[in-house]
Amino acid sequence: MFPEVLFFKSIVYFLCRILFGKLRSNNARGLHRSGSNLAHSRYQNFSSINTIKPDLTNRTVVFDLEGALLRSSSPFPYFMLVAFEAGSFMRALLLLLTYPLVAFLSDEWGLKVMAFVSFFGVKARGLRVGSAVLPKFFLEDVGLESFEVLKRSGRKVVVSCLPQVMIEDFAREYLEVDAVMGREMRVMCGRFLGVMEEENQMFKRSGSAMVPAINGGEEELLPSLREDDACGIGNNGGVVGLSSLKKILVHPHIFSHCKDLYIVGREDKRSFRQLPAQEAPKPVIFHDGRLAFLPAPLSVVALFMWAPFGVLLSVLRIAIGLTMPYGLSIPILCFSGLQYTVWNPTSVTTPGTPERKSVKGTLFVCNHRTLLDPLCLSFSLKKDLTAVTYSLSRVSEILSPIRTVRLTRDRVKDGAMMESLLRRGDLVVCPEGTTCREPYLLRFSPLFTEMSDDIIPVAVDTSVAWFHGTTAGGLKCFDPLFFFLNPNPIYELRLLEKVSRLSMAGHQDEEKSRFDVANDVQGRIGQALGFGCTGLTRKDKYMILAGNEGIVGNKR
């Protein structure tokens, strides 16, 4: 239990004891009755998670998501993510204000209150918070010890008291489980009512079957979970349950069918180590949402206290960058909390050094972290650059202190346009075509390789504490505002050694040489940053995060 819960309980305990005493006593009696029923089950075999036998390859294991897999004990941060990302700033504030009540209520009533505040009135169609926002935070909260049990299990079933829309994509895509059972949210006129179905209805809906069929290959749920079914699955002793003792007592209709039950105690969860990213079945490459941290109660309180001052500071930082010359704006921005670091090798041409005469300007190729990448490169070189973009809101184009040119996605037209721009001066291009906030690089479009014989790769990295400065489903014009809302945003630029296209053009196949140069530049930037290189594109990103191809329409 979070310390904040104990803090709030100690404050309101004497005032609310009479009011909620009846509720808690009824809940305790229900818990006692459930525990009694389970105690008489002849399948009961409680053991610690540390005593689990290594051979589970032929057995079906039922995992309690909150009680066994996640390290945290409170679902409040995940409902806060839904309230903030799918709702609004005011909805998140309302959920925070209800937290003292939620902390004092029973677990079931607390879930109902948080679900109502987070989901009420939210459009059901197009809700992507469960696939675009929550998986990253869920995966970072998975305990390594419980995941190792999950990994060596035969058939995997995840059970949760949370809404199905919050957990299904995460469990199936990133844990690779065979069946997921959460609680349905009621919908009317295309919007959530904020009411979850009761847990007994959830299992009645599935025919009281929590075990997928072993044979057949399809994720079918058995029509019933009788004793002979449970003991016969996999021919290796029946179904295994993994949960906390509290959940086992509250949900005997699930765990009474398990031949073996393994308990995850509070001490076990406290000792759980975080699952390393490299050991996860699937890495999180695409992630959306504005919040960059798991919003625990005290962290959210600090966030709301900072917000009014942070907005003023963000507007001031933007105004300084737009109006002041480079020599003044950079020191003032650094004094305001921006951490700005540039590595520039001597081979890169900078002001004050002799430049060789060339018909064309310099072509800078950088990975894409935020919309500020070309602007920060211009600040670091103290020269005006021209940036070509695939999609930029009109507001951002108007406010940009450097020239921006929008590409048409027509290879011939875009190539001619970039050739023309390079004859007039230096050009910066982000061949990924979209931002990627995780430590990965998307596929580099090879168009830039035809523009210049000499290319200067630029490795860009950012770090934020509270807000991400990018979005796939929100308003892009607010990206710089959110980035500068952070107290100490970090920007790092590393200008790498010049790459000569001619030195790599020894292939007879011209198309192969173009892609080789693009892949080489991508690899150099990835190596400098320690990022993984992928073949994914901007279309892949937007289809996953926003359900569209990422073409800017009315997103201003």
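In summary, of the residues considered (K541, R538, K539), a side-chain hydrogen bond (donor to acceptor under 3.5 Å, both in side chains) with T434 occurs for K541 alone.
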Could you go through F89 and F304, starting from their C-alpha distance and side-chain angles, then the distance that decides it, and tell me whether this counts as ring-ring contact (aromatic ring centres under 6.0 Å, His included)?
CA-CA 9 Å; F89 187 87; F304 280 101; 4.8 Å; yes
Residue pair V82, F119: steps toward the side-chain contact (heavy atoms from CB on, under 4.5 Å) verdict:
CA-CA 8 Å; V82 175; F119 282 94; 3.8 Å; yes
E66 vs S160, side-chain hydrogen bond (donor to acceptor under 3.5 Å, both in side chains): CA-CA, chis, key distance, verdict
CA-CA 7 Å; E66 303 94 83; S160 174; 2.5 Å; yes
Would R437 and T470 count as a side-chain hydrogen bond (donor to acceptor under 3.5 Å, both in side chains) here? Give the steps.
CA-CA 8 Å; R437 63 175 61 161; T470 60; 3.0 Å; yes
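With hydrogens and angles disregarded, a donor-acceptor distance shorter than 3.5 Å links the side chain of D410 to the backbone of V412. No donor-acceptor pair closer than 3.5 Å links the side chain of Q339 to the backbone N or O of I490. Listed for the D288 side chain is no donor-acceptor partner under 3.5 Å among the backbone atoms of L545.
Between F364 and L385, the closest heavy-atom pair is CE1-CD2, 4.2 Å. In plain terms, the two heavy atoms of G182 and I167 that are nearest each other are CA-CD1, 4.1 Å. Among all heavy-atom pairs drawn from I525 and P457, the shortest one is CG1-CB, 3.9 Å. Annotation for V388 and L427: closest pair CG1-CD1, 3.8 Å, computed over non-hydrogen atoms. Listed here is the closest heavy atom pair of P374 and V428: CB-CG1, 3.7 Å.
To the nearest 0.5 Å, atoms CD (Q527) and CD (Q522) are separated by 12.5 Å. Distance check, rounded to the nearest 0.5 Å: NZ of K269 to CZ of R71 gives 10.0 Å. The CG atom of L475 sits 5.5 Å away from atom CZ of F478, with the distance rounded to the nearest 0.5 Å. Interatomic distance, OG of S131 versus CD of E173, reported as 9.0 Å (0.5 Å rounding). Of the inter-residue distances, the one linking R172 atom CZ with K156 atom NZ reads 13.0 Å to the nearest 0.5 angstrom. Going from atom NE2 of H468 over to atom CZ of F483 covers 11.5 Å, rounded to the nearest 0.5 Å.
Ring geometry for W466 versus F293: interplanar angle of 30 to 60°, hence tilted.
Residues passing the side-chain contact (heavy atoms from CB on, under 4.5 Å) test with V187, sequence neighbours excluded: A124, F192. Not a single side chain to side chain donor-acceptor pair (under 3.5 Å) links T449 to another residue, sequence neighbours left out. In this structure F170 satisfies the ring pair (Phe, Tyr, Trp, His ring centres under 6.0 Å) test together with F138, sequence neighbours excluded. Remark: D540 engages T537 in a side chain to side chain donor-acceptor pair (under 3.5 Å) (not counting sequence neighbours).
Residues in residues 315-328 take part in these side-chain hydrogen bond (donor to acceptor under 3.5 Å, both in side chains) pairs, two or more places apart or across chains: R317-S336, Y326-S378, Y326-D384. Residue pairs meeting the side-chain hydrogen bond (donor to acceptor under 3.5 Å, both in side chains) criterion with at least one partner in residues 366-376, sequence neighbours excluded, are H368-D373, R369-D461, T370-Y491, D373-Y491.
In this structure, Y99 has its ring center under 6.0 Å from that of F76. Remark: aromatic rings of F286 and Y440 are distant, center separation not under 6.0 Å.
Defined by atom type and a distance below 3.5 Å, a donor-acceptor pair is present between the side-chain atoms of D414 and T408.
Salt-bridge formation is not detected for the pair E176/K151: no Lys NZ or Arg NE/NH1/NH2 atom is positioned less than 4.0 Å from an Asp or Glu carboxylate oxygen. Between K136 and D141 no salt bridge is recorded (no basic side-chain N to carboxylate O distance below 4.0 Å).
Remark: Y174 OH is packed, more than 12 non-hydrogen atoms of other residues, nucleotides or ligands lying under 6.0 Å away.
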